[in-house]
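Step one of this worksheet: look at the structure below.
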Amino acid sequence: MVRTRKERKAANEIKLAQPDRSAAPSENTLLKLAQDRNLFEEAEKQKRKNAKDEDKDEDEALLSPTTERIMDAILWSVSLSMLHFTLDVLVQHQYAISIIWPQIIIRALQACAVFTFLIYVLHPHPSAPSFVPGLPVRFQAPLRQTVFFIASICSGCYLIHISNRYGYLAVMKQSPPLGCIWVWSVIEMDLPFAMPSLACTFAFFWAGGYTIKAPY
């Protein structure tokens, strides 16, 4: 933009200088007003109050340890009941028996009730580290592993035995619950217990001369 001579002369007469920073402000600043009214302290108190309210809401939303243990047992028992249902169908199909669905469902529900009780008592949970009253805590876990170790060997070996020596009625009746107990016991055990239990079951299968063959 072209400036006239008069405008250039007026601009040259204006002297450039730094503002005076030595004088104190004549009015209160926002920081001074906030400090006078304790706004920072009020904000900190409100922040702590909101944090306590959030922690309280979270604590109320959490389930009690007993409720968590019951829900955990139900979840496990439903999974094992589905396995029982599957094994029941497979064993009847294996022997070419007509499948009666209402009976299979009833047996699965009965197994679910039994498994819920067993899992509630034997399955480890943080709310109940001890399942044998009076026994020191350091012996609880090895004892629980021993129980599952024995259950795994007994159920696995007996399942092999009845599958080779008993008639089809006994196999159809006993195989699903035995298979569920065997699988559950192996899952609950730590690896140093699970591997020897499977080795013992295989040794029983090999030493007894059992075979995997068709039932007909």
Side-chain angles (χ1 to χ4, degrees), residues 68-97 99-132 140-215:
E68 289 183 355
R69 187 181 179 189
I70 293 174
M71 297 298 293
D72 192 24
I74 292 175
L75 179 62
W76 275 83
S77 62
V78 169
S79 301
L80 290 176
S81 299
M82 295 173 62
L83 177 61
H84 186 283
F85 179 89
T86 304
L87 294 177
D88 203 351
V89 173
L90 290 177
V91 74
Q92 294 198 36
H93 179 72
Q94 181 182 9
Y95 288 101
I97 303 298
I99 299 176
I100 304 176
W101 295 105
Q103 294 183 1
I104 294 178
I105 294 174
I106 291 174
R107 287 194 291 267
L109 293 176
Q110 292 173 346
C112 182
V114 175
F115 284 133
T116 300
F117 173 76
L118 293 176
I119 293 170
Y120 183 83
V121 175
L122 297 176
H123 181 67
H125 194 271
S127 63
S130 301
F131 75 103
V132 177
Q140 296 288 339
L143 179 60
R144 183 181 282 111
Q145 292 291 304
T146 303
V147 171
F148 286 119
F149 181 80
I150 296 173
S152 172
I153 294 177
C154 293
S155 59
C157 293
Y158 189 64
L159 179 61
I160 294 172
H161 178 70
I162 65 172
S163 300
N164 284 264
R165 298 290 188 265
Y166 286 20
Y168 72 96
L169 291 177
V171 175
M172 288 193 302
K173 183 178 181 181
Q174 301 181 43
S175 292
L178 286 173
C180 291
I181 294 175
W182 189 14
V183 171
W184 175 47
S185 300
V186 174
I187 292 175
E188 290 283 6
M189 283 186 292
D190 297 333
L191 191 61
F193 285 86
M195 295 303 295
S197 72
L198 295 176
C200 292
T201 305
F202 177 77
F204 175 82
F205 175 82
W206 178 77
Y210 298 105
T211 58
I212 302 176
K213 60 181 180 179

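Every heavy atom of this structure was used, including side-chain atoms; hydrogens, water molecules and symmetry mates were not.
- Side-chain contact check for Leu169 versus Met172: some heavy-atom pair is nearer than 4.5 Å.
- Every residue meeting the side-chain hydrogen bond (donor to acceptor under 3.5 Å, both in side chains) condition with Tyr210, not counting sequence neighbours, appears here in chain and number order: His161.
- Minimum heavy-atom separation, Ile119 to Leu80: CD1-CD1, 3.8 Å.
- Checked by atom type, the side-chain pair Thr116/Ser77 shows a donor-acceptor distance below 3.5 Å.
- Put simply, the side chain of Ser197 gets close to the backbone of Ala194: a donor and an acceptor are under 3.5 Å apart.
- Between the Ser155 side chain and the Ser152 main chain, a donor and an acceptor come within less than 3.5 Å of each other.
- Distance alone, capped at 3.5 Å, places no donor-acceptor pair between the Glu188 side chain and the His123 backbone.
- In plain terms, the two heavy atoms of Asp88 and Arg107 that are nearest each other are OD2-NE, 2.7 Å.
- Between Val89 and Trp101 the shortest side-chain heavy-atom distance falls below 4.5 Å.
- With 3.5 Å as the limit, one finds no donor-acceptor pair spanning the side chains of Gln174 and Tyr166.
- Within 6.0 Å of atom OH in Tyr120, more than 12 heavy atoms from other residues, nucleotides or ligands are found, so the atom counts as buried in its surroundings.
- With contacts defined as side-chain heavy-atom distances shorter than 4.5 Å, the pair Leu83/Trp184 does not qualify.
- The closest side-chain heavy-atom distance from Trp76 to Ile187 is below 4.5 Å.
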